[in-house]
Amino acid sequence: ESEHVYAARKQPFPVVVDCENQWTSISTYGKELKFNKDVSLILISKNGETKSLGKGNWSNILKTDNYTETILLVQEFYQGIDLQLIASFGRLKTSFIVKQLPLIDKQYEDGWLSLSQQIDIPAGIKADLSESVIIEGQKRLGKLNLVDQQSRNYFYFTRSYAYDSRGNTE
């Protein structure tokens with residue numbers, strides 16, 4: 001669509017990646033879900049303390065296309081960490097690729113690295129937590145559906161995964 005906006009609008013579920021304003025969206029049934037706004041990584045200590053890695057750098061974007069997907073790689077989003085956005089078939093997958101571990105304060109060494117983002121949920125849409133379970137405090141595991149008042153599913157988020165450089169999840 002432009003140098004900084006990738007859009008596949010003539011699709012059953014249009015996808016937009018706006019690198020200039022730093023958000024993504026998917027539309028269905030006339031509703032647009034904006035997400036990945038202020039996307040960032042945060043450190044979480046075992047005690048629950050959090051520390052943001054700060055605002056990412058969206059200035060170095062590499063776009064590649066193949067037959068079924070468009071890949072936008074935001075190189076060096078953080079030093080040693082790329083942000084990857086893959087659009088395919090009305091879906092958008094967001095990944096951080098950690099090429100080099102950042103310097104981490106000792107209090108966070110045994111904790112977690114987590115994705116943080118702001119989401120604009122369209123009017124008339126609400127969260128349905130029926131396909132998720134509470135695992136600890138406010139943490140949930142499973143699928144988050146976004147539905148209308150008649151429980152018609154508009155959007156959903158699935159479980160996040162982390163892989164090491166060998167593709168292992170443990």
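Quantities reported herein were computed from a predicted structural model and do not represent experimental measurements. Throughout, residue positions are numbered sequentially from 1 according to the sequence presented.
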| query | Does the side chain of Leu129 come within less than 4.5 Å of Leu144's, by heavy atoms? | reply | yes
| Just wondering, do Tyr154 and Ile121 contact through their side chains at under 4.5 Å, heavy atoms? | no
| query | Can we say Lys63 and Glu3 salt-bridge, meaning some charged N sits less than 4.0 Å from an Asp/Glu carboxylate O? | reply | no
Looking at [Y], is its backbone amide N or carbonyl O close enough to the side chain of [X] to form a donor-acceptor pair, meaning the two atoms are under 3.5 Å apart?
X	Y	answer
Asp105	Gln107	no
Lys31	Ala123	yes
Gln117	Asn36	yes
Thr24	Phe35	yes

| task | For the pair Phe77 and Ile97, evaluate side chain to side chain contact (heavy atoms under 4.5 Å, CB included) and give the outcome as yes or no after the intermediate values. | result | CA-CA 10 Å; Phe77 188 78; Ile97 301 169; over 6 Å; no
[X] [atom1] to [Y] [atom2] distance, which is reported to the nearest 0.5 Å:
X	Y	atom1	atom2	answer
Asp128	Arg152	CG	CZ	14.5 Å
Gln118	Lys37	CD	NZ	7.5 Å
Ser88	Gln11	OG	CD	9.5 Å
Phe155	Thr28	CZ	OG1	6.0 Å
Ser25	Ile119	OG	CD1	13.0 Å
Trp23	Asp18	CH2	CG	5.0 Å

Would you kindly confirm whether [X] and [Y] end up in one hydrophobic cluster when ILVMFWY residues are joined by side chain heavy atoms under 4.5 Å apart?
X	Y	result
Tyr108	Leu115	yes
Phe13	Tyr6	yes
Leu73	Leu92	no

| task | Show your reasoning for whether side chain to side chain contact (heavy atoms under 4.5 Å, CB included) applies to Leu43 and Thr50. | result | CA-CA 5 Å; Leu43 298 168; Thr50 62; over 6 Å; no
More than 12 heavy atoms of other groups within 6.0 Å of [X] [atom1]:
X	atom1	result
Glu109	CD	yes
Lys46	NZ	no
Leu141	CG	yes
Glu69	CD	yes

Grab the two heavy atoms, one from [X] and one from [Y], that are nearest each other, plus how far apart they are.
X	Y	result
Ile26	Gly90	CD1-O, 3.8 Å
Pro14	Arg9	CG-O, 3.4 Å
Ala87	Val15	CB-CG1, 4.0 Å
Cys19	Ile61	CB-CD1, 3.3 Å

| Can a donor-acceptor pair be found between the side chains of Glu76 and Asn57 at a distance below 3.5 Å? | no
| request: Please work out whether the ring planes of Tyr78 and Phe96 are parallel, tilted or perpendicular, with thresholds of 30° and 60°. | output: parallel
| task | Given side chain to side chain contact (heavy atoms under 4.5 Å, CB included), test Leu85 with Ile71 step by step and report yes or no. | result | CA-CA 6 Å; Leu85 305 163; Ile71 302 169; over 6 Å; no
| task | Could you walk me through whether Asn47 and Ser45 pass the side-chain hydrogen bond (donor to acceptor under 3.5 Å, both in side chains) test, one step at a time? | result | CA-CA 5 Å; Asn47 297 331; Ser45 73; 4.8 Å; no
| task | Please assess Lys126 against Val147 for the test side chain to side chain contact (heavy atoms under 4.5 Å, CB included), listing each intermediate value before the final yes or no. | result | CA-CA 6 Å; Lys126 63 181 181 174; Val147 300; 4.1 Å; yes
